[in-house]
Number of protein chains: 2
Amino acid sequence: MKASDIQTEDKIFEAATEVFQEKGYDGTRMHDIAQKAGTNKALLHYYFRSKDALFEAVFQKLASKLFSKFTPILSPELSLEEKLHFFFREHIEFLKENPRLPFFIINELNRKPERIQRLIRNIDFKLFYKTLSEQHGKEFEKYDITPDSLLQIMTSIAAISIFPFIGKNFSKSLWRISTKISTNISKKEKNLHPILF
Amino acid sequence: MKASDIQTEDKIFEAATEVFQEKGYDGTRMHDIAQKAGTNKALLHYYFRSKDALFEAVFQKLASKLFSKFTPILSPELSLEEKLHFFFREHIEFLKENPRLPFFIINELNRKPERIQRLIRNIDFKLFYKTLSEQHGKEFEKYDITPDSLLQIMTSIAAISIFPFIGKNFSKSLWRISTKISTNISKKEKNLHPILF
DNA sequence: TGAAATATTAACCTTATAGTTAAATCAAAT
DNA sequence: ATTTGATTTAACTATAAGGTTAATATTTCA
């Protein structure tokens, strides 16, 4: 095995990771990945057999990378409040470094809904809720949190932290304009479209 | 001009609307649209010249359809609280009927960021904030809402209402499993993956 | 070293897809 | 009914994209 072996395979994998995240499966060209990796198409097939297989490898890696960030929620050392703080701090920090990741995952889960089953199969929700209940039962009662509302609450928390990254380009543009409001004098106050968002 | 004129063009447009929303630009095949519309490819080009042109028409229609839902926010007749109620009720109702719309818009805004400029160009944010201030100035002061935090708050509101639809397939699966928790006895409490979401 | 295993390249193949064309059909007005 | 212009169809073209192959280069290790 030569020294550049793993390097080349890694280069391809990294390039694929970038391009797939950026363009999605349908928008990605094998040629583009090869170019980004500094090699040629044939090598992608040499190492990964097909576009599907390469994509699968990238997806699995990225999905577990994202989902592993949720581990601390089951940690017995943290209070509910600490977990919330931890979640927002760590998770948003992570998303800053991987801004395209949530959108990518959601997009591909939508393109191939079968994936979801495979991802979720491994979760034992009963055990999950039981564990949380044992750790935070009193807090749950205090806040009237049931299995159903827990899921709702967590969805909202996820929404607030993830959404700005999903609509990043859009938010950024809005932000840029909105900051101008404080400093700029409006030049013309004519036609306002009824578009907010 | 014959009677079936508008009908055929409309059929194509509707089919295109469905397929583009479902698969995105890259994932859409002209052939599929033609089939769904009950015609053939050549007709798509006859009426809409190119895939790009057809897509552009669909996108513009859908974008204005979505954005027009935000109009009531500037209505002088409603209080801030009424607007919030109105927003959640109407907007979520609308999303129930067009579940793929937000994802579609975000996806395509990301694929062609230039679109954002064109969409946002028409918004006079200064006037927008001024109008809202005049209508709800006291409430804004009371809640310490500034131009910046207003945008943050609206992003969070949008996030909570839109996100469940964006991650719909995923949420649905989670929900289905989570409701089982209440009724089912766990068969095996073995391997729990550290995956939450 | 030199044979075997592994890596790399360029040229080629096949299929899928956007787009075209030219002929056929149809509706309506003269 | 004939002409005219719009509509529809099927067959075709060009190209882009995924994938293959066979020849060449490089590394490893007996």
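Per chain, numbering begins at 1; letters A, B, ... match sequence-line order. Because the structure is predicted, anything quoted here is derived from the model rather than measured.
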Pairs in or reaching into residues 72-96 of chain A: which pass salt bridge (Lys or Arg N to Asp or Glu O under 4.0 Å), with residues at least two apart or in two chains?
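Sorted pair list comes back empty.
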Any pair counted as side-chain hydrogen bond (donor to acceptor under 3.5 Å, both in side chains), so long as it reaches residues 30-40 of chain A, sequence neighbours left out:
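Passing the test, one end in residues 30-40 of chain A: A/E18-A/K36, A/H31-A/Q35.
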Residues in contact with DNA chain D, drawn from residues 48-55 of chain A - heavy-atom cutoff 4.0 Å:
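Nucleic-acid contacts, sorted: A/S50, A/K51.
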Scan residues 15-24 of chain B against DNA chain C and write down, sorted by residue number, each residue with any heavy atom closer than 4.0 Å; if none is found, say none.
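DNA chain C contact set from residues 15-24 of chain B: none.
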Could you list by number each residue of residues 29-44 of chain A showing a heavy-atom separation from DNA chain C of less than 4.0 Å, or answer none if no residue does?
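Only A/N40, A/A42, A/L43 qualify.
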Can you check whether A/Y46 has a side-chain N or O nearer than 4.0 Å to OP1 or OP2 of D/dT21?
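A/Y46 to D/dT21 OP1/OP2: no side-chain N or O under 4.0 Å.
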Residues in side-chain hydrogen bond (donor to acceptor under 3.5 Å, both in side chains) with B/K61, at least two apart?
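Scan of B/K61 (side-chain hydrogen bond (donor to acceptor under 3.5 Å, both in side chains), adjacent residues dropped) gives none.
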Just how far, in rounded Å, is P of D/dT9 from NE2 of B/H45?
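After rounding, the gap between these two atoms is 16 Å.
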Figure out the CD/C1' separation between A/Q7 and C/dT8, and round it to whole Å.
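Between C1' of C/dT8 and CD of A/Q7: 15 Å.
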List the residues meeting side-chain contact (heavy atoms from CB on, under 4.5 Å) with [X], not counting sequence neighbours, and say none if there are none.
{"X": "A/D52", "answer": "A/Y25, A/S50, A/K112"}
{"X": "A/H91", "answer": "A/L66, A/K69, A/F70, A/F87, A/L95, A/S161, A/I162"}
{"X": "A/L80", "answer": "A/H136, A/E139, A/F140"}

Within 45° of the axis and under 6.0 Å from the centre of the six-membered ring of A/F104, does NZ or CZ of A/R111 qualify?
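Cation-pi check for A/R111 and A/F104: fails.
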Those residues that, when tested against [X], pass salt bridge (charged side-chain N to carboxylate O under 4.0 Å, His left out) (two or more places apart):
{"X": "A/R29", "result": "none"}
{"X": "B/E141", "result": "none"}
{"X": "A/R49", "result": "none"}

